[in-house]
Amino acid sequence: MQMSEDLIRSVVQQVLNQMGTGAAPTNGSSNGKASGGDYGVFPTVEAAVDAAESAFQTFRNSSLADRKKAVSCIRNICVEQADELGRLELEETKIGRLDHKIAKLRGTIPLIPGVEYLRTDLNSGDDGLTLTDYTPFGVIGAITPVTHSLPTLAANAINMLSSGNTMVVNAHPSGSNIAAHGVRLFNKAIAEATGLENLITIIDPPTLKTAAGLFENPKIRLLVVTGGPAVARAALASKRRAIVAGPGNPPVVVDATACLDNAAKSIVIGGAFDNNLLCIGEKQVFAVAEIFDKLLDTMAKHGGFRLSAPQIESLTRAAFETGSDGKPHVNKDLVGKDPAFLAEFAGIRVPEGTQLLYGETGFDHPFVQEEQMMPFVPFVKVPNVDRAIALAKESEHDFGHTAVLHSRDVSVMSKMGKLMDCTIFVINGPSIAGLGAGGEGVPSFSIAGPTGEGVTTPLTFCRQRRTAVTGGLRFA
Ligand code: NAD
């Protein structure tokens, strides 16, 4: 008999599990292991999907109270173990900032909406009652990015389990250990609290092949893909229904009416967050000539450090490589690194505590055109706000993701909002205000622009089902 690579990997994984090696907890309930996985961690797509499918058959008949308990387990682990989990994520991915990795788990995850967000709609009239219930799809396949490996997984899980689904995760290979570790912790706690197993399963190790396998698996009812252009395109081309949270390149416009102190402070907060790894983070600024110099000076008051033109060019040579297509491509070695690290490539040392590097560039500069995910934000001087909005639109490349405006002029607000046509439009705040940090509304780590669902919530992952009770049942 010829053994497939997957089968060999599966056998090796099971032997390792029995020996108690790896990151899996060894002193808890045996529930997760009894069902053949390692608290939800499976070596093949088929094993992970089958386990999640079997879990769904039990989960669909369990109570809302159990759903709430499962979601609480995820929230509690993220909050209570934020320091450790944030450190593990940073050590593995080597991108971003420890304080913000911790903040995403301790601060944001508890705000991700859960079971309480579900509702039932009701029509009542002479002909009776009609209910619209928000019900699960079944097994959801989730692809998660390296930029927020565990936070995306945890937030997706809170949303998806709240609406009664189970899920199978294919994480980014560079963030797969922390993702699998999180799944083990979540499943173990959920099994202890509810007896439910494998509500979240994960394929470990993940590859592009396993991602493709998830796309094709007939038991997956819905795909939810969070990532860059390649995976967004692949998901949009898939036969399976997909919710796609794709890339962005968020521009900021600052006009002459803006509060410059608030604008500068906001750009630093949003652009520096996790070293600019957020898909919504400020990536380039278009400021009108009248306030340009003052705005750049004000940035320094809020933790920004200005680079000169030659320093920007030195940094650019390190930050971009010319691809075989002759175009600049982001050098991954600089993505999500600290400002002090980038500054070395600019040939300088920056003061301790520097949050963000910035400086003046032209519109065609790669730092403006590419989604670079580094804590350097280029500023482009423009003659007037109409030109600023037009260039902002062009630099966003029709992703329709996120745009930011600093202005006190309501006609400018309307004009830019309409033209940008983005899923998130933030006015007079940092980009993160669009996800509830300093603005209203719930957060999410999956902003579904291309497929239109927007900031995802438990309702995003529901099928609507209608029940009509005819014959005049009516209490009013
Ligand atoms: P990435 O595209 O490299 O990877 C994302 C996921 O897709 C990973 O799990 C990866 O293994 C998988 N993948 C990549 N190419 C694939 C392919 N051809 N087929 C199948 N799977 C594939 O992105 P990343 O570096 O992990 O994350 C950063 C990107 O994700 C940025 O573009 C950012 O804007 C975007 N992002 C978007 C959102 C959102 O909510 N819209 C949130 C976070 C990140």
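When reading the values below, keep in mind they use all heavy atoms of this one structure, side chains included, and skip hydrogens, waters and symmetry mates. Every number for a ligand or one of its atoms is a count from 1 in the order of the listing.
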Next on the checklist: For Y358 and F379, I'd like to know if the aromatic rings sit close, meaning centre-to-centre distance below 6.0 Å.
Outcome noted: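 Yes: the rings meet the under 6.0 Å criterion.
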Checklist entry - Take atom CZ in R387; do more than 12 heavy atoms of anything else shown fall under 6.0 Å from it? => result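 Atom CZ in R387 is not packed in, count stays at 12 or less.
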Next on the checklist: Looking at E216, I want to see if its CD is surrounded by more than 12 non-hydrogen atoms of other residues, nucleotides or ligands under 6.0 Å.
Outcome noted: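 Atom CD in E216 is not crowded, with 12 or fewer foreign heavy atoms closer than 6.0 Å.
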Next on the checklist: With a 4.0 Å heavy-atom cut-off, what residues sit around ligand 1?
Outcome noted: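 Heavy-atom contacts below 4.0 Å: I143, T144, P145, V146, T147, H148, N170, A171, H172, P173, L208, A211, T226, G227, G228, V231, A245, G246, P247, G248, C279, E371, H401, F445, S446, I447.
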Checklist entry - What distance separates M160 CE from I140 CD1, expressed to the nearest 0.5 Å? => result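 Reported to 0.5 Å precision, the distance equals 4.5 Å.
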Checklist entry - Does the side chain of T132 come under 3.5 Å of the side chain of D121 through a donor N or O and an acceptor N or O? => result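 Checked: T132/D121 side chains show no N/O donor-acceptor pair below 3.5 Å.
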Checklist entry - Going by the angle between their ring planes, with limits at 30° and 60°, are H365 and F367 parallel, tilted or perpendicular? => result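 Correct class here is parallel.
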